[in-house]
Amino acid sequence: MKVLVTGGTGFTGKALVRRLLQAGHQVVALDNKEGHKTRELREWGAEVVIGSVTDAAVVRRCLQGVEVVHHLAAAFRELDVPNRYYWEVNVGGTRNVLEAAQAAGVRKVIYCSTCGVHGNVERPPADEDAPIRPADYYQRTKYEAEPVAIEYFRKGLPTVILRPAAIYGPGDPERFFLIFRRVARGVFPMFGNGRTLYHPLYIDNLVDAFLLAMEPGRGDGRTYLIADQEYVAIEDLVRRVACALGVSVRIRHYPLWPLLVAGHVCEKACRPFRIAPPIFPRRVDWYRQNRAFSIERAKRELGYQPAVGLDEGLRRTAEWYRLEGLLPG
Ligand SMILES: NC(=O)c1ccc[n+]([C@@H]2O[C@H](COP(=O)([O-])OP(=O)(O)OC[C@H]3O[C@@H](n4cnc5c(N)ncnc54)[C@H](OP(=O)(O)O)[C@@H]3O)[C@@H](O)[C@H]2O)c1
């Protein structure tokens, strides 16, 4: 069938496009910019359209003959843009995609939200009904788009909402790479007690969930947390990354509050100059916000089973960073 993936050249989008093509689907990827990733996708056989999800005409053009939409495009890593930009892309863009999908007779739309809508999890593990407490503007806008997806479901367009945990794996450009790089250096600065919970999600496990959610009738109108089987304390994660890399790591503890203050100050100071701050509150949150989720609903209703466990996922990721020359061999 013909499938549209918005944000198809992103970390997750690319892995999803590849699997859809391997499964014999025809894929259209919509993305903001031309670059080496768009060329790669075209080589694999995808059609790539350059444009924004906020542009109704572009989205309409992408939807010709499309049966299923995976909506992943999001303002996410942008640090030098006003908050308004997050709203325009994450909420306005999602409404745009849903409106155009309904008009085009699309069979199903899967909206990729985030586990971050729950903010700091006070009673781990959180399920989908746990309090909604987004901790920053990105998470707030991701959540604000969820009722829009439900609104279209009520208007007759089957939609499924997935809330992925912290995605990692080969191709991860950022968050886990920072952890791997620090561990590879042999000393890891741990701000706070290291007992904060973190829930990883191996990229292939998430792609499995997207494929399950596109099945007719499966999960329509429902919201699912998607994560790996196990969540861990961040200090444990650091040690397991060291194992995956085959190195030893010394963890040095520091108080958290100076980093917290520095994160806020850096973000404020850099914003007028439109420079990406070296540290910012969302990054500091890694040390202090519990992220631990129950995936029981996704297992029960979607048939989701995270096939790749944490140590295997970390091993594959380490291998990829080394193959790419990002870490010493
Ligand atoms: N990574 C995680 O741990 C995580 C966890 C939970 C949920 N999520 C969600 O998962 C999805 C994918 O995340 P990711 O980690 O793969 O992020 P990513 O690598 O930043 O991918 C996002 C993609 O969306 C594209 N995009 C941004 N604005 C756009 C616009 N206006 N129109 C069209 N395309 C646009 C980006 O293109 P450019 O780069 O060219 O701008 C990028 O290719 C997002 O919806 C994110 O909110 C991620």
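Atoms within a ligand are numbered from 1 in the order they appear, just like the ligands themselves.
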*Could you tell me whether a side-chain N or O of Gln289 sits under 3.5 Å from a main-chain N or O of Asp285, the two making a donor and an acceptor?*
no
*asked:* Parallel, tilted or perpendicular: which one describes the rings of Phe177 and Tyr321, with boundaries at 30° and 60°?
replied: tilted
*Can a donor-acceptor pair be found between the side chains of Glu128 and Tyr224 at a distance below 3.5 Å?*
no
*asked:* Give the atom numbers and elements of ligand 1 that come within less than 4.0 Å of a heavy atom of Gly10.
replied: 19 (O), 21 (O), 42 (C), 43 (O)
*State whether Arg240 and Glu235 are salt-bridged, where the test is any N-O pair (Lys NZ or Arg NE/NH1/NH2 against Asp/Glu carboxylate O) under 4.0 Å.*
no
_Please check if the number of heavy atoms outside Arg84 that lie under 6.0 Å from its CZ is greater than 12._
no
_Does ligand 1 come near enough to Gly13 that some N or O of the ligand is less than 3.5 Å from an N or O of the residue?_
no
*Using a strict cut-off of 4.0 Å, indicate which atoms of ligand 1 neighbour a heavy atom of Gly51.*
32 (N), 33 (C)
*What is the distance from atom CD1 of Ile167 to atom CG of Asp204, rounded to the nearest 0.5 Å?*
12.0 Å
_Residues Glu40 and Lys14 bridged, charged N to O under 4.0 Å_ = yes
*Can you find an N or O of Cys115 that's nearer than 3.5 Å to an N or O of ligand 1?*
no
*Is Thr6 in contact with ligand 1, taking contact as a heavy-atom separation below 4.0 Å?*
no
*Using distance alone, determine whether Ile167 and ligand 1 share an N or O pair under 3.5 Å.*
yes
*May I ask you to decide if the ring planes of His118 and Phe293 are parallel, tilted or perpendicular, using 30° and 60° as cut-offs?*
tilted
*Under 4.0 angstrom from ligand 1, any heavy atom of Thr9?*
yes
*Mode of Lys142 contact toward ligand 1 - side chain, backbone, both, neither (heavy atoms, under 4.0 Å)*: side chain
*Would you say Ala165 touches ligand 1, if touching means a heavy atom closer than 4.0 Å?*
yes
_Side chain, backbone, both or neither: the part of Phe76 lying under 4.0 Å from ligand 1 by heavy atom_ = side chain
*Give yes or no for whether the N/O distance cutoff of 3.5 Å, strictly under, is met between Thr12 and ligand 1.*
yes
*Is the closest basic N to carboxylate O distance between Lys2 and Glu67 below 4.0 Å?*
no
*Report the part of Val89 (side chain from C-beta onward, or backbone N, CA, C, O) that has a heavy atom under 4.0 Å from ligand 1; answer both or neither where that applies.*
side chain
*Can you tell which of Ala75, Ala73, Pro200, Ala166 gets a heavy atom nearest to atom 35 (C) of ligand 1?*
Ala73
*Compute the minimum heavy-atom distance from Tyr168 to ligand 1 and say whether it is under 4.0 Å.*
no
*Heteroatom distance test (Lys33, ligand 1): nitrogen or oxygen, under 3.5 angstrom*: yes
*asked:* Could you walk me through whether Tyr143 and Arg163 satisfy the side chain to side chain contact (heavy atoms under 4.5 Å, CB included) test, starting with their C-alpha distance in whole Å, then the side-chain angles of each, then the deciding distance to 0.1 Å, before giving a yes or no?
replied: CA-CA 10 Å; Tyr143 179 66; Arg163 290 181 186 157; 4.2 Å; yes
*Quick one: which of Ala74, Gly93, Ser113, Gly116 has a heavy atom closest to atom 27 (C) of ligand 1?*
Ala74
